[in-house]
**Q** 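This is the structure, below, for whatever I ask next.
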Amino acid sequence: MYISRDLFSSAYLHLKHHAHSTTPSVLILVALDIDSLCATRILTQLLKRDFIPHKIHPVAGYKDLSNVNSTLIKGNEDLRFVICLGLGGMVDLEEFLDLKKEDGSSVECWIIDSRRPWNLHNVFGGRGGVQEFEGNGVLVVGQAGRQGIAGAKVTGGRWNVGSRVGGVKCFDDGDVEEEMEGEGNAFNELLDMPEVDSDDDDSSDDSDEDEEKEEVALSGDGHGEEEDGVLRNVVNGNGRKRKSDDGLNGDSEEGNDIDEEEDRSRRRKTSNDDESPPATPRPHRHTLLSNRPSTLPLSSIPGSPLGRLSRQDSLLPSSSRPASPSLPPPLPSPHALRKQLRRLRHKYQRTITKYYSAGTWYGEPVSGIMYSLASDLGREDNDLLWLAIVGVSSGEIYGRGVSPSSGDISYLAREERIRGILRDEVRRLNPPELLSNNSAAPTNGIIQTTAASPNDTSIRISPEFRFMLIRHWSLYDSMLHSAYLGSKLRIWSETGRKKLHKLLAKMGFSLVQCKQQYTHMNMDLKRSLREKLEGVAGLYGIDEVVKEGFVRSWGWKACLSATDVAVVVGGILEVGGKNSGGKMYRGGELEDGASILAAGFKGLQEERLQEKKEERREEEEWLGRFYDAYDALDNIDSLLAALPTAMTLYRAIVRTGTSLIEKRQIRLLRAFRMAVVKEGPDVHLFTHPSALTKLAMWVGEAVYEQEKDENRKRHLPIVLAALNERRGVYVVVGMSSADRVKRKKPIDKAKEERKKQKEKEKEEKKKKKAASRDEGDEEEEEEEEEEEAEEEDDESSDDSDDEMIIEKGYGRNRFGIAFQEVANSTNARIRIDSFEACVIEVKRDDLPAFFESLSFKVVVG
């Protein structure tokens, strides 16, 4: 089931009405990423304002989710709502979680997740299409009898989201209603379709045709019996017919003999099918022949006027008899019905398979959905708006761009719409300061670094450079550690660094000034930075170096952009903050080194126990970092204290990426590029999947710029593996950041007219072609086909030149599917536990076999 966007506030009122007022009846499960973290902050603020007790629990992966199910959900009689933020959308949660209680009631589960594809059981399964009525006859959940999108939408009850608590409900950001009508129809048709056993009917078509003729000849007055038999044959899915005890014309011994002969012939024909166990019949809500009208001729019904007329006409001569009514068309044979069912089943299965096999992508960020909920409730403010902005901005850091909908012209159109809404909200909640003459204060293009007053906590729209932490670093270091500028200038090489120095020299900036803290730079240089940078951008291919961003002030204490906050909070999650409870692991520093060494001598069982202990310790470290990051979102002092951690991580990314490129450790396989990080001072920093994802993005952008300079047309994705020495596994991340997607140019009216003219000419030629076929002129037909093929080639070449250009963007990632296929087809020890489908763990000794098998998989969509 799903909840449409216009019912978000109604769903919250439904929760507010049914939640317990004294005991925590709402459990919030949160994924360990920045977007989910910000969404949790927004939701908890709403719950606190309504005095609704709740509990927050971070979840590291599917194994942790299973532990949460056994400890916090199963058998918890006080629990009424489970809210999954950033997780659960890709698995069937109704099967994964124990939502049923002993008293027969059910826990209601909300899924608010931006990861795609949706698990169709969550969206279209559950209680969709099942009638559940209150005493007054109002439909509570689902719309019975309706298929696809309409049948899966939650409706009914006081707030139109159901009057009872229970079921799995997905918050729809528009994908379900706009994009998934075909998948919904196919899913429901497959659920309602009867089972059909595969048989050898295809190899015996001739015998079946003869059988059809015999059935038509023998049908006579027994059409009703024959139809009933066919219907039961289809529902049961086997190759036998059952005799009917009740016929419209009564039973006769001759008819029974014929039925027995048909039964024996069918038993001989389907002897091969009898070797397999018969399919267990199960009730279905719909079949192909449900509600089919009777096909008996009225003349065969005793007592009918046509029956009396037929008896009288039999006494008249043939020449004076009236014309008898035409016989009904013969019923299709069981083989034809089974064949039709199989064809429909394959069609719907192809639709579902196509949806799942497209890879993984992302919808609207969870924090944006939660801010929409707050806005619908009329509770939006600067704090909640800032959290939504930070959550949306974090997607750019990890390559989780919002995928476009089918009606979008540009790949970034949907993401730009979301940012446009946020900009409007910033202007509405933070009106610009007015001067004495009632004119707005001018903005001269300088990035904001200070607040207007000690109490200023406003959010402003400010120009942002695509540099890293420029307000808290020097201009030189900020440009050096920028993924965008580093890939454009090839900063990893000595030539690239000289190019950076030359860029600054052309701008008129000395290295001495650039290596100072940005806030301490000469004010004239800061005022002219944007103008001079845009002046030389075309020479170095950095035209998009300046973009529009969001900045917030905390009085005179600090001023940070949304991207800066996302970078710092990400550093806390991946490495740990200043006051992190877990000790950060470095190269050879093992707390329990003696026990690990002894485990090698005590056998495999103790080694596995040690591995589980290390896994548990790592998960505890991650959960401790989650609470540090959660607190830092509301504490500017914690954010400022964690700035050095974020800087350390990005220094390590540049060092490690430079080492991989200079030492030529990036290998080219059949369908992707791969690299392994297993030594060096910074290996321990990349054991977290999110940190390794940042490194993969940096390397992927660098390789892409290299390939573009070499005029290569094929840009392959990249797979990075980092060694976790403590656990003896490799963390593997597959990134499709090198993929490029197509978008359309603005529509040219002249070209559209030419296309219409070509279509008209094409239709006229088709008509001439049809006429020539009627006349039987084969030579003219062949000539017209050749001309049509030439025209199609010309049109395709025009389309490729006129309509499509290549635009960089993060497309759908097929590595999750490829990882699953490798895990199922090899003996490599692989652990797939992350909510990100493109992240897995491989045993240290099995990595070569894993890459060998992965190289044969399709990873480019």
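In what follows, residues are counted from 1 in the order of the sequence shown. Please read these numbers as outputs of a predicted model, since none were measured by experiment.
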**Q** For the residue pair Arg812 / Ser736, report whether a side-chain donor-acceptor contact shorter than 3.5 Å exists.
**A** no

**Q** Might you work through the side chain to side chain donor-acceptor pair (under 3.5 Å) test for Arg5 and Ser372, ending with a clear yes or no?
**A** CA-CA 8 Å; Arg5 185 180 285 274; Ser372 296; 3.1 Å; yes

**Q** Flag the pair Asp564 / Ile470 as yes when at least one side-chain heavy-atom distance between them is below 4.5 Å, and no otherwise.
**A** no

**Q** Could you walk me through whether Ser458 and Asn430 pass side chain to side chain donor-acceptor pair (under 3.5 Å), step by step?
**A** CA-CA 6 Å; Ser458 62; Asn430 302 270; 4.7 Å; no

**Q** Aromatic contact between Phe8 and Phe171, with the criterion being ring centroids under 6.0 Å apart: yes or no?
**A** yes

**Q** Hey, can you tell me if Trp698 and Trp492 have their rings parallel, tilted or perpendicular (30° and 60° cut-offs)?
**A** perpendicular

**Q** Under the side-chain contact (heavy atoms from CB on, under 4.5 Å) test against Phe550, which residue among Leu385, Val390, Val392, Leu422 passes?
**A** Leu422

**Q** What are the two closest heavy atoms between Leu37 and Ala629, and how far apart are they?
**A** CD2-CB, 3.6 Å

**Q** For Glu544 and Tyr484, test the side chains for any donor-to-acceptor distance below 3.5 angstrom and give the result as yes or no.
**A** no

**Q** Please round to the nearest 0.5 Å and tell me the distance separating atom CG of Asp35 and atom CD1 of Ile397.
**A** 11.5 Å

**Q** Could you check whether Glu705 pairs with Lys488 (Lys NZ or Arg NE/NH1/NH2 to Asp/Glu carboxylate O, under 4.0 Å)?
**A** yes

**Q** Return the set of residues passing side-chain contact (heavy atoms from CB on, under 4.5 Å) with Asp381 (not counting sequence neighbours), or none when no residue passes.
**A** Arg49, Asp383, Leu384

**Q** With salt bridge (Lys or Arg N to Asp or Glu O under 4.0 Å) as the test, would you mind laying out the steps for Lys354 and Glu183 before giving the verdict?
**A** CA-CA 9 Å; Lys354 182 180 178 182; Glu183 288 78 5; over 6 Å; no

**Q** For Gln706, does the CD atom have more than 12 heavy-atom neighbours from other residues, nucleotides or ligands under 6.0 Å away?
**A** yes

**Q** Between His481 and Val654, what is the shortest heavy-atom contact and its length?
**A** CD2-CG2, 3.6 Å

**Q** Of all heavy-atom pairs between Ala646 and Leu469, which one has the smallest distance, and what is that distance?
**A** CB-CD1, 4.4 Å

**Q** Could you list the residues that satisfy side-chain contact (heavy atoms from CB on, under 4.5 Å) with Asp113, not counting sequence neighbours?
**A** Ile111, Arg115

**Q** What pairs with Lys547 under side-chain hydrogen bond (donor to acceptor under 3.5 Å, both in side chains), at least two apart in sequence or on another chain?
**A** Glu396

**Q** So, Arg414 and Asp175, do they make that salt bridge, N to O below 4.0 Å?
**A** yes

**Q** Between Arg400 and Glu836, is the closest basic N to carboxylate O distance under 4.0 Å?
**A** yes

**Q** Salt bridge or not between Asp173 and Arg116? Use side-chain N to carboxylate O under 4.0 Å.
**A** yes

**Q** Does any part of the side chain of Val568, heavy atoms only, come nearer than 4.5 Å to the side chain of Thr645, both counted from C-beta?
**A** no

**Q** Are a donor atom and an acceptor atom from the side chains of Ser553 and Gln448 found within less than 3.5 Å of each other?
**A** yes

**Q** Show the nearest heavy-atom pair for residues Met735 and Ala696, with the distance to one decimal.
**A** CG-CB, 3.5 Å

**Q** Going by distance alone, is a donor N or O of one side chain under 3.5 Å from an acceptor N or O of the other, for Asn813 and Thr360?
**A** no

**Q** Salt bridge or not for Glu364 and Arg417, using N-O below 4.0 Å?
**A** no

**Q** Does a side-chain N-to-carboxylate-O contact under 4.0 Å join Glu548 and Arg423?
**A** yes

**Q** Within the 4.5 Å heavy-atom criterion, are Pro717 and Phe815 side-chain neighbours or not?
**A** yes

**Q** What is the minimum heavy-atom distance between Cys38 and Ser367, and which atoms define it?
**A** CB-CB, 4.1 Å

